[in-house]
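In what follows, a structure is listed as structure tokens, so that the remarks can point back to it.
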Amino acid sequence: MLDIALIREKPDWVKEQIAKLYDEAALARIDKVLELDVERRAIRTKTETAQAARNSLNRSMGKLRGDKAMDDGEKAARAHAAACALQRQDFDAARALMDGSAPVKRDDSLQAGAAFDDLIAALRQIGDKIDDGFAKAKEIEIELEDNMLWIPNLPHHGVSVHESEESNKAHPPKGEFREFDFEPKPHWELGPALGIIDFERGVKLAGSRFFVLKGWGARLQRALISFFLDTARTKGFDEVYLPYLVYGDMLYGAAQFPKFQDTVYQLEGEDRFLVPTAEVAITNLHRDEILEEADLPLSYVAHTPCFRSEKASAGRDVRGIKRVHQFEKVEMYKFTTPETSYDELETMTGYAEDICAGLEIPFRRLEIVSGDLGFSASKKYDIEMWSPGCAEWLEVSSCSNTEAFQARRAMVRYYPAGSRKTQFVHTLNGSGLATPRVMIAIMENNQQADGSVLIPQVLRPYLGAEVISVS
RNA sequence: GGAGAGGUGGCCGAGUGGUUUAAGGCGAUGGUCUUGAAAACCAUUGUACGGUUUUCCGUACCGCAGGUUCGAAUCCUGUCCUCUCCGCCA
């Protein structure tokens, strides 16, 4: 979520930034937000002033009722006079009459009960008005909040401005492209032939876009996960094991909701969802907490399955395991100060590249342009591995700095050193890495003419094999 | 899954409808005293929003959401979580 104060103070600048995203709907929401914000503050100020008057009158009422030193005749007189003052909207006079600080003329013809009934009726009228005010304010605030939740993050000034992913800037590839003396096969042929991927049985169990890994396939995935986790751990990330189900609020906190509501699986009749990425859980680890600057940066790494319904991608990448409903991913995540977050983004992206290099698969880094940043990133790099069988670059990692966009939603703050004024942390996420596409790249890059697959050196200790061949 | 008991500030804990501050303690920070420290004493103490501007003032927050009431930490309903016991279970 953006800072409402920023939108209020620099509306034109914010709109310029949003314009870089080529998101017309978001632009319109900024105007709506500005309008609602003015309305909201006007009604709040007015209603809160009235509430202050009522609170004070009610305290005086308590005092009048409970004053044991005052006899009933005087109480009746004061109640009556205060009710009259309230009819004239003279709150100060009413308060003074009730709390005993103003003189009152006794009138013994008054019934205490009736006088108090009048006073209560007068107070109720004030209360009704306040209730209306708060109800209206709440209505406006809900609408304001809804608009804020749909506004994407602003791009970092260093991000180049283009509309679509075709303009993403690719850095020169690293690693060696292999020259094949035969036609390289796609993984959806290699996997079943080796007996390590079983598409049919995956579909039988759970439907399309589900698959089964068997034997060396299952073990290869497990080896990759261990390798990824160990690599991140040596870079200083704390390994965490997380729930694979989270509350809806966590998805709002990580800025998945409301925009991507239909990409996640929900448990029937429950406010619980299967995580689409570990990022959702880690973002909320320190939800509603105020950290100390000395604790930052906090670096976490977690392996979780990721569940994605992929409704929006129906018909795309239907062959193989490139786009599936359930896959394994190791996620790196950092909570940092605003001053260091962009340096940390470079370092973290470097770690993702190190993993690719370690696996000896050709890869490249993409600098993502403004129009392709997605909803919550201020700046983003993708890492792609080359897959000769499908003849395409496969996205195996995505590293983003969301600045305070997620932190503001999840309320993750810190005290800067020597200060007691809270600030939002910056949060960064980066895959390191996701398994299915890495397995694709390994199979397709390392396939031999006889259909066997050589295992990268770094994985051999994890897998306990140098080659996977037809058994 | 069933029954019961609970949820109050950074922590412990009092508070069962009002009589202007959520008592008290611990911790933390600052100060006095001291050669220094400890002890003692004094003071301060959260978050958000709004109005002011360098100081205040107001509103909200006692798990969360509703409700009753002139007035709710306190009463009612729902919900989440924790603990105890029972059942089931890797």
Side-chain angles (χ1 to χ4, degrees), chain A residues 1 3-9 33 36-72 74-75 78-80 82-83 85-87 91-92 94-101 112-131 133-138 140-142 144-145 148 243 245-250 252-253 267 269-272 284 286-292 294-295 404 407-415 417-424:
Chain A
M1 204 151 56
D3 182 359
I4 182 83
L6 179 68
I7 298 177
R8 186 152 67 216
E9 281 154 27
V33 160
L36 290 168
D37 182 51
V38 169
E39 225 181 311
R40 165 185 173 270
R41 281 186 298 157
I43 194 153
R44 268 220 100 85
T45 306
K46 193 172 144 209
T47 309
E48 284 182 1
T49 307
Q51 175 77 318
R54 180 175 74 161
N55 284 347
S56 139
L57 288 167
N58 277 326
R59 278 193 292 267
S60 301
M61 173 67 158
K63 196 170 183 180
L64 177 62
R65 264 232 157 125
D67 192 340
K68 294 199 173 71
M70 196 185 290
D71 64 71
D72 285 352
E74 184 175 350
K75 283 185 182 178
R78 287 188 178 279
H80 177 73
L86 286 180
Q87 290 301 327
F91 298 157
D92 289 336
R95 189 183 309 113
L97 285 159
M98 283 191 276
D99 68 19
S101 61
F116 271 101
D117 285 348
D118 288 348
L119 181 53
I120 285 169
L123 286 168
R124 184 187 292 131
Q125 279 184 4
I126 302 172
D128 288 348
K129 246 196 238 168
I130 293 166
D131 288 347
F134 278 125
K136 181 85 179 118
K138 188 163 188 182
I140 294 166
E141 275 160 20
I142 287 170
L144 179 62
E145 169 89 357
M148 289 295 286
L245 297 176
V246 292
Y247 287 130
D249 279 349
M250 307 306 129
Y252 278 98
L267 267 64
E270 288 194 36
D271 177 34
R272 265 184 263 260
N284 291 283
H286 296 289
R287 191 185 179 86
D288 296 326
E289 292 181 24
I290 304 176
L291 308 164
E292 296 291 339
D295 298 332
R408 190 171 286 112
R409 289 180 176 221
M411 291 298 278
V412 187
R413 291 161 292 170
Y414 77 105
Y415 292 117
S419 162
R420 287 284 98 179
K421 192 164 160 50
T422 61
Q423 266 194 41
F424 290 105

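All values below were derived from every heavy atom in this structure, side-chain atoms included, with hydrogens, water molecules and symmetry-related copies excluded. Labels below follow one simple rule: chain letters A, B, ... track the order of the sequence lines, proteins then strands, and each chain is numbered from 1.
- Nucleotide B:U52 forms a pair with no other nucleotide shown, judged by Watson-Crick or G-U wobble geometry with both contacts under 3.5 Å.
- Base pairing of B:U44 is made with B:A28, judged by Watson-Crick or G-U wobble geometry with both donor-acceptor distances under 3.5 Å.
- When the side-chain nitrogen and oxygen atoms of A:Gln51 are compared with OP1 and OP2 of B:A60, one or more of them lie within a distance under 4.0 Å.
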Taking N or O atoms only and anything under 3.5 Å, show me the protein contacts with nucleotides 62-67 of chain B, one pair per line.
| unit_1 | atom_1 | unit_2 | atom_2 | d |
| --- | --- | --- | --- | --- |
| B:G66 | OP1 | A:Lys138 | NZ | 2.1 |

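- Atom NZ in A:Lys63 sits roughly 19 Å away from atom C1' in B:G17 (whole-Å rounding).
- In this structure, A:Arg272 and A:Tyr247 have side chains that are in contact, with non-hydrogen atoms separated by less than 4.5 Å.
- Taking the P atom of each, B:C70 and B:C11 are spaced 36 Å apart, rounded to whole Å.
- Straight-line distance between the C1' atoms of B:U54 and B:A60: roughly 25 Å, to the nearest whole Å.
- Within 6.0 Å of NE2 on A:His80 lie no more than 12 heavy atoms contributed by other residues, nucleotides or ligands.
- The CZ atom of A:Arg408 sits 7.5 Å away from atom CE of A:Met148, with the distance rounded to the nearest 0.5 Å.
- Separation of the P atoms belonging to B:C61 and B:A5 is 28 Å when rounded to the nearest angstrom.
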Under 4.0 Å protein heavy-atom contact, by nucleotide of nucleotides 45-52 of chain B - B base, S sugar-phosphate only = -SSSSSS-

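- Under a 3.5 Å cut-off, the side chain of A:Arg287 and the backbone N or O of A:Ala410 do not form any donor-acceptor pair.
- With both pairing distances under 3.5 Å, B:G17 is matched to nothing as a Watson-Crick or G-U wobble pair.
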Counting primed atoms, P, OP1 and OP2 as sugar-phosphate and everything else as base, the B/S/- map of nucleotides 68-82 of chain B against protein heavy atoms under 4.0 Å is --BS--------SS-

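- Take the nearest nucleotide of RNA chain B for A:Phe134 and for A:Gly66: the residue whose nucleotide is more 5' is A:Gly66.
- Not counting sequence neighbours, the partners of A:Asp92 by the side chain to side chain donor-acceptor pair (under 3.5 Å) test are A:Arg95.
- Not a single side chain to side chain donor-acceptor pair (under 3.5 Å) links A:Glu9 to another residue, sequence neighbours left out.
- Across all strands shown, B:C76 is found opposite B:G66 as a Watson-Crick or G-U wobble partner, with both distances under 3.5 Å.
- To the nearest whole angstrom, the two C1' atoms, one in B:G87 and one in B:G1, are 8 Å apart.
- A heavy-atom distance below 4.5 Å is not found between the side chains of A:Arg409 and A:Phe424.
- A:Asp128 and A:Arg124 are not joined by a salt bridge, as no carboxylate oxygen comes within less than 4.0 angstrom of a charged side-chain nitrogen.
- Using P as the reference atom, B:U45 and B:G10 are 14 Å apart when rounded to the nearest Å.
- Partner assigned to B:A23 is none, using Watson-Crick or G-U wobble distances below 3.5 angstrom.
- Applying the Watson-Crick and G-U wobble criteria (two distances, each under 3.5 Å), B:G6 pairs with B:C81.
- Considering only residues two or more places apart in sequence or on other chains, A:Glu141 meets the side chain to side chain donor-acceptor pair (under 3.5 Å) condition with A:Arg40, A:Arg44.
- Remark: the separation of the P atoms in B:C33 and B:G18 is 45 Å, to the nearest Å.
- Here the straight-line distance linking atom CZ of A:Arg413 with atom CD of A:Gln423 works out to 12.0 Å at 0.5 Å rounding.
- Remark: A:Leu123 CG to A:Phe116 CZ distance equals 10.5 Å, nearest 0.5 Å.
- Taking atom P in both B:G58 and B:C64, one finds a spacing of 23 Å when rounded to whole Å.
- In this entry B:A37 has no Watson-Crick or G-U wobble partner, no candidate having both defining distances under 3.5 Å.
- Atom P of nucleotide B:G58 and atom CG of A:Asn55 are separated by 11 Å, given to the nearest angstrom.
- When rounded to the nearest whole Å, the span between CG of A:Asp99 and C1' of B:U20 equals 9 Å.
- Side-chain N or O atoms of A:Asp271 include one that pairs as donor or acceptor with a backbone N or O of A:Gly248 at under 3.5 Å.
- Not one N or O on the side chain of A:Asp118 forms a donor-acceptor pair closer than 3.5 Å with the backbone of A:Ala83.
- Here, B:U52 and B:U59 have their C1' atoms 15 Å apart, quoted to the whole Å.
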